[in-house]
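These notes concern the structure reproduced below.
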Amino acid sequence: MRRGLVIGGLAVATLSCLSRLGQAAEVVLWHSYRAGEMEALDRTVDRFRHEHPDTKVRVLAVPYGAYQQKLISAIPAGHGPDLFIAAHDQLGDMIRRELIEPVPAALASAQFLDETLRPLAVGAVQGIAAGAAGPATPGRSWGWPMAFKTLVLFYRTDLVATPPATTDGMIEIAHALTRPGRFGLAYNLAEFYFHAPWYFGSGAELLSADGLSARIESEAAAASGAFLRRLVLEERVVPTDANGALVTEMFNRGQVAMVVNGPWFISEIDRGVPWKIATLPRMSASDRPARPLLTVEGLFVAKGRATPETVGLAEALVSDSAARIRALEGGQPVANRAAYDDPEVAARSVLGTFRAQLEQTVPMPTAPLVALLWEPLNEALRQISRGALAPKVAFAAAASRVRVLNQPLPESESAAPFVLGLLLLLCGALAVAVWRRPPRFVARLLAARAAYAFLLPTAIGMTLLVAVPFLMGLGLGFFAFGPGEVRFVGFANFVSIITAAEYPVTHPLSFYFTLVVTVLWTVANVLLHVGIGFALALLLSPAWLKGRGLFRVLLILPWTIPNYITALVFKGLFNAQFGAVNAVLVALGLSPVGWFDGFWPAFAANVVTNVWLGFPFMMVTLLGALQAIPQDLYDAARVDGAGAWQRFVGVTLPQVGPALLPAVILGTIWTFNMFNIVFLVSEGQPEGSTDILVTEAYRWAFVRNGRYGYAAAYSTIIFVILVLYSLVTRRLVAPRSEARV
Amino acid sequence: MAGIELDRISKHYGDTVILEELSLAINEGELVVLVGPSGCGKTTILRMIAGLLEPSRGRIRIDGRDVTETLPGERDIAMVFQSYALYPHMTVFENVAFPLRVRRLAPGEISRRVNEVTKLLGIDHLLGRKPAALSGGQRQRVAMGRAIVREPKAFLFDEPLSNLDAALRGRMRGEIAGLHRRLGATMVYVTHDQHEAMTLADRLVLLNKGKIEQMGRPLDVYREPKTRFVAEFIGSPPMNFVPVEERAGSLAGAGFAVPLSAVGVKSGVPGGRLLLGVRPEALKVATSGEALPTLKAEIDWIERTGSDGYLYARVGPTSIVARLSAAAGQGLSPGQRVDLSFSQARLFDEVSGRAVDDAGVA
């Protein structure tokens, strides 16, 4: 089985195949550019069309979010692009998946900036066994470089006169500019990508030369951590809680003087903000230049599409004159050497600065292993910047986490006993079905065939949309996915999860730790949902209350807002430095809380968000139930001498019970699987401890090097837990509903 | 047991007046039936006695104690609701025991009293069932059991039989009457059904638009309705009204004249439009040489129900109905002209609706 097949989009594939019938000598180009970059690219394509009227070119702008997945599923199915633009860090993966052809003709390497060319050569593709790259000769190129992206220092010229040459100088300037409400420097601390300049500038590295093992535990790495610690905790010139959007906003408002960011930041700067860019400063401690990661955007030929037309278009698009257009009109730091000799381009100091920074960069590794490093590294940076761990310890913890995540796949098992068992099970089930069939089964089936024909469309839909994905997910749990391979491993994934032998029970990666957190999360939420919902329903139910309708609408509103929006709003409210919650705490004379620094505050933030989202459902359910209680019952109880509490216990509670119980069961299942809130509000912080089972399953599949099998096994276990829960609760509900007649 | 006294109570909702300055004294051990059409305020009175509604003005006393501001549970009264208001999640035993449990009686005492009461009502074999598994009559008995078990100072019944079918209603009526005799309890019973009112009441209070139209022993009210409204409400079919005029000591109508003495009035009859009120059961087909006053009527049609029959006829332009024995109806046919004699009649002033008797207009 192929990985591409697993992800596959069969229906889409068929449709676009059909639409391509009958079209000849056409070159399809995919890209994910927007705005200025897209317009510039379109101009170069138009120029090609003008010069080659016999070649049809179709350009498709694919949204960035789904770009990589679309390439992976479309190209092997034969309906992808002929030519596409992609970042070089996918190169190893693309070669392994056989998505691309090597560049057919020898590249005129002199045409390009040497440094940008290197990552596109097979020799630079790390972590790929020689055989996997096919009949490639070392130094062979896999794509044409178009442009590059890296980090530089943006600064507001109204605040900073001369950009710093060293990090000490940078801290000095930042220090002078930092005051309440303003910071000297800002960047997205949560992402290793933005720490990379200091990391590599300290002399640390990510991977071994062969790309097969991680090298993140080193003195140099610790030194970069110490520098981060100095910026954030000692000098306090960098805000700890600034994500990408907040950095932009602060820079535009003049609340921050310097920002470490890439070329995409240019379009986010407001008009009227005076700014310039400079290369990143030298690291004072190591006396080496800060070296950000480099991404090269290349033009790639899809597998089997290396026609003369395709190559012709590619060469036209990367020509010096096309590069000049992209540089001037798209503002792209292009890869062509000649473009920078152009007087107009040379006049653009921004492009010149990127060109200069290029000399001090580290190409983004292409080894598959690198995908596994980001989560542990980000975690280490968070721990350092909030002072939880010493830099050395934090990187050591990250390294050990990488080792755990990078464990070799379980041994391959023979699928035969499983297949045999499954067949026996199916045969047994079939035999039982035949043996216990109702009398005259076939005759009755045929007699009612018109009725079954009406059911058929729904049955097909349910099968395709529910049964098939469910069974595939179930089956997936018995496989392990490694780089370039899939193997059947039997129950190994399940055993590994259930025994949780690899980590202590108190470790956030342990299944049982997550299970306990999930149960805690569910119980806390449902109790608060019901409690608050009930209290509000009781407040809103008396007929004499004025403006009851208005209150009801207001209180149902949280429910009507998409929950991810609420989640993002609450995440902002709980922001440690800029959030409203801490602002209120400070105004009340209390000390601010680092909401996502400890388990309980982060857990509380999640719960508060979800309670806000969840109480309206319970309120509406209970309001309906309360209004269905006959007033006579209350009158009778009052005449019988029951007080308010006795009426509540003796009349209200038993009367709403039948409505409340299903709502609680439903609410429990929803909360148990409430992915959005945990994923968006706490993001599992700190150290993944607030993750619940579903978010953990997601991370196994999409953050930790695509361990789909493990994640599927996780999902199956969640499913089993919920099935058991609903079986138990069904027993609880059943006798009561019988008694009600 | 105790008397209940309503002292000039009023009930308003905004500008809507439900009751105005109504006073009523219910004696100890008396069964008073409040009867009247929908919206006459009878249920409002009952709920105010129970304490479920507060009067806008006036005082309520039970057993001489002012309870106007007292909570329902502290008035020591029991109420049976039209819907029975049984607690659906409780068994019969728990329902009946509820008022005792609320008062925190000892469990032994509770079960003794519940058993006693349910035996009295013949529902002691249903103690383990829930209301949903009971018939209408059984539910009714449970509701009464829940009221009786507390041995309250007074019972309030809010149209307790209106959800039952006709046969069961008759039986339960008898049981309530029996219960009243046995317990000798003060009871206030609200109904819109005149049969219930006539058969149950020691004293009947007829309400109309928030005012007491007439009260008294049922037969007195039946025989001597003080207003046209009472005369129409009590009695089935209702009393006939034939327009008459006073002419020289006799009452003249369409084609007939009767002496004033026929309506028990000697003199002092006001002028103007009058109505002769004759109950259907007071009319007979006159035999020749009849001494009683008669009306001349033309038969429209005759209804025979077996035991008796109804004769629908016209006196001039006025439609009337007479209740005849089955035998008396023999030989009559539509279109025939007959003389209808009557043994008893009341005279009403058409404008004021009040009865005219010896003292003139009442």
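Computed from a predicted model, the values in this text were never measured in an experiment. Numbered from 1 within each chain, the chains take letters A, B, ... in sequence-line order.
For A:Asp640, the salt bridge (Lys or Arg N to Asp or Glu O under 4.0 Å) partners are B:Arg146, B:Arg150, not counting sequence neighbours. Remark: B:Ser162 pairs with B:Gln82 by the side chain to side chain donor-acceptor pair (under 3.5 Å) rule, at least two apart or across chains.
Between chain B and the residues A:Ala637, A:Pro630, A:Gly643, the largest count of heavy-atom pairs under 4.5 Å involves A:Ala637. Top candidate by heavy-atom pairs under 4.5 Å with chain A, chosen from B:Ala78, B:Ala50, B:Gly51, B:Ser83, is B:Ser83. The greatest number of non-hydrogen atom pairs below 4.5 Å with chain A, out of B:Arg103, B:Glu94, B:Met90, B:Arg101, is found for B:Arg103.
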Legend entry - Pair A:Phe617-A:Trp670, ring pair (Phe, Tyr, Trp, His ring centres under 6.0 Å): steps then yes or no: CA-CA 12 Å; A:Phe617 170 72; A:Trp670 286 343; 5.1 Å; yes
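Residues B:Ser135 and B:Gln138 bring a donor and an acceptor atom of their side chains to less than 3.5 Å of each other. In this model, no donor atom of one side chain and acceptor atom of the other lie less than 3.5 Å apart for B:Tyr13 and B:Ser56.
Of the two parts of B:Leu86, only the backbone, made up of N, CA, C and O, holds a non-hydrogen atom closer than 4.5 Å to a non-hydrogen atom of chain A. For a residue to count as touching a neighbouring chain, one of its non-hydrogen atoms must lie under 4.5 Å from one of that chain's; by this rule B:Arg75 does not touch chain A. Residue contact with chain A, scored on non-hydrogen atoms closer than 4.5 Å, involves the backbone and the side chain of B:Tyr87 alike.
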